[in-house]
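Everything below concerns the one structure shown next.
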Amino acid sequence: MSDCTLTIKTFEKKGVLDDITDVITSHGANISYVHLFVEKNNVGSINLELEHVGDIESLLSDLENIHEVRSVELHGSQLDIYGKRIIIVGGGAQVSQVAMGAITEADRHNIRGERISVDTIPLVGEKNISEAVEAISRLPRVSALVLAGSLMGGDITKAVKKVKKQSNLIVISLNMPGSVTEHADLIITDPIQAGVLAVMAVADTAVFNIERLGDNIKF
């Protein structure tokens with residue numbers, strides 16, 4: 001097994017997360033994502049996405065030997081279960097149309113073995129949208145962002161430039177006024193088609209390849 005997810009239940013105590021990460025790194029595994037929270041009765045729940053795991057049985061045994069650890073559960077990686085992630089941000093009505101196209105197209109590819117999930121967040125206002133875009137760099141598995149609105153620029157454009165610099169994110173924008181379209185990889189007029197092309201841009205089973213199109217292409 002190379003990639004996996006672990007759910008670790010621990011007694012809440014200072015330093016326990018350090019002990020867990022020390023064991024994981026000693027096995028040569030890489031932690032790609034962590035989500036933790038405290039449950040009832042002072043029990044901590046830690047979800048870890050791991051890459052490059054060698055001897056998983058030895059790793060599990062060493063984790064279970066940590067005094068504060070109550071249990072360790074092994075799961076498939078989130079990438080294997082939910083796959084690549086497309087996020088649609090913008091005005092409510094347009095977001096729903098983009099989502100319609102994306103979900104319909106994702107269904108065609110997922111029945112052929114792909115795993116592509118679609119997330120939407122209808123928002124209005126430059127501050128709200130720019131915060132949502134910038135937060136994408138902190139989310140796991142995001143492969144494409146679709147911006148669906150009637151006017152986007154200013155802080156939204158700055159956020160788009162920032163996340164593109166930090167990752168290989170594909171950015172698709174509806175054809176609208178504002179400077180955000182200058183930094184999109186694809187500019188599409190029809191919202192349903194925008195959703196379809198977002199899926200095709202990230203799907204391994206699609207013939208469409210965004211890299212062949214060059215920069216800032218309009219449809």
Side-chain angles (χ1 to χ4, degrees), residues 1-89 102 106-107 109-121 131-145 159 162-171 198-199 201-206 211:
M1 176 178 290
S2 179
D3 298 347
C4 65
T5 298
L6 298 181
T7 299
I8 304 174
K9 304 286 187 180
T10 72
F11 293 108
E12 186 62 18
K13 184 179 178 182
K14 184 178 180 180
V16 65
L17 183 59
D18 289 339
D19 293 339
I20 290 170
T21 55
D22 285 346
V23 168
I24 291 171
T25 54
S26 72
H27 281 261
N30 179 55
I31 301 172
S32 60
Y33 179 72
V34 179
H35 177 236
L36 54 90
F37 56 95
V38 179
E39 299 179 346
K40 295 183 293 184
N41 303 320
N42 210 35
V43 173
S45 181
I46 306 170
N47 295 295
L48 297 148
E49 284 278 313
L50 303 183
E51 300 174 330
H52 314 305
V53 180
D55 188 345
I56 185 63
E57 295 300 328
S58 176
L59 173 59
L60 294 176
S61 177
D62 287 349
L63 288 171
E64 289 168 348
N65 285 334
I66 297 174
H67 181 70
E68 291 80 12
V69 171
R70 296 181 56 181
S71 64
V72 182
E73 295 181 5
L74 175 65
H75 313 282
S77 74
Q78 292 286 70
L79 185 61
D80 291 338
I81 297 171
Y82 281 102
K84 300 167 186 173
R85 193 175 185 183
I86 294 170
I87 295 186
I88 306 164
V89 178
D107 184 58
H109 293 279
N110 288 351
I111 62 176
R112 288 184 275 171
E114 288 272 3
R115 292 292 179 97
I116 298 172
S117 55
V118 179
D119 295 285
T120 63
I121 179 163
E131 286 179 343
V133 171
E134 188 171 342
I136 285 172
S137 62
R138 303 191 295 273
L139 296 176
R141 300 181 295 102
V142 180
S143 298
L145 164 67
K162 182 177 180 179
V163 296
K164 287 194 69 176
K165 187 176 182 179
Q166 293 173 337
S167 66
N168 295 321
L169 185 72
I170 296 170
V171 176
V199 172
V202 304
D204 293 332
T205 51
E211 294 178 357

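When a residue number appears, it is its place in the shown sequence, counting from 1. None of these values were measured; they are calculated from a predicted model.
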**Report entry** Which residues share a salt bridge (charged side-chain N to carboxylate O under 4.0 Å, His left out) with Glu134, sequence neighbours left out
**Finding:** Lys162
Query raised in the report: Is the shortest heavy-atom distance from the side chain of Leu50 to the side chain of Ile56 under 4.5 Å?
Result: no
Requested in this report: Look at the aromatic rings of Phe37 and His35 and report parallel, tilted or perpendicular, splitting at 30° and 60°.
Outcome: tilted
Requested in this report: Given side-chain contact (heavy atoms from CB on, under 4.5 Å), test Thr10 with Ile20 step by step and report yes or no.
Outcome: CA-CA 10 Å; Thr10 72; Ile20 290 170; 3.9 Å; yes
Query - Inter-residue atom distance Asp3.CG - Ser32.OG, 0.5 Å rounding - result: 7.0 Å
Report task. Applying side-chain contact (heavy atoms from CB on, under 4.5 Å), run through Gln78 and Tyr33 and close with a yes or a no. Result -> CA-CA 10 Å; Gln78 292 286 70; Tyr33 179 72; over 6 Å; no
Requested in this report: Test Leu6 against Leu74 for side-chain contact (heavy atoms from CB on, under 4.5 Å), laying out the working first.
Outcome: CA-CA 5 Å; Leu6 298 181; Leu74 175 65; 3.6 Å; yes
Query raised in the report: Got a sec, which pairs hit side chain to side chain donor-acceptor pair (under 3.5 Å) with one end in residues 57-67, sequence neighbours left out?
Result: His27-Asp62
Query raised in the report: Quick one: salt bridge (charged side-chain N to carboxylate O under 4.0 Å, His left out) partners of Asp204, sequence neighbours excluded?
Result: Lys84
Requested in this report: Using salt bridge (charged side-chain N to carboxylate O under 4.0 Å, His left out) as the criterion, list what pairs up with Asp22, not counting sequence neighbours.
Outcome: none
Query - Over all atoms of both residues, closest heavy-atom pair of Glu12 and Gly44 - result: OE1-CA, 4.0 Å
Report task. Apply salt bridge (charged side-chain N to carboxylate O under 4.0 Å, His left out) to Arg85 and list each qualifying residue two or more places apart in sequence or on a separate chain. Result -> Asp119
Query - With Asn110 via side chain to side chain contact (heavy atoms under 4.5 Å, CB included) - residues at least two apart - result: Ala106, Glu114, Ile116
Requested in this report: Can you see which heavy atom on Arg70 is nearest to which on Val43, and at what distance?
Outcome: NH1-CG2, 2.8 Å
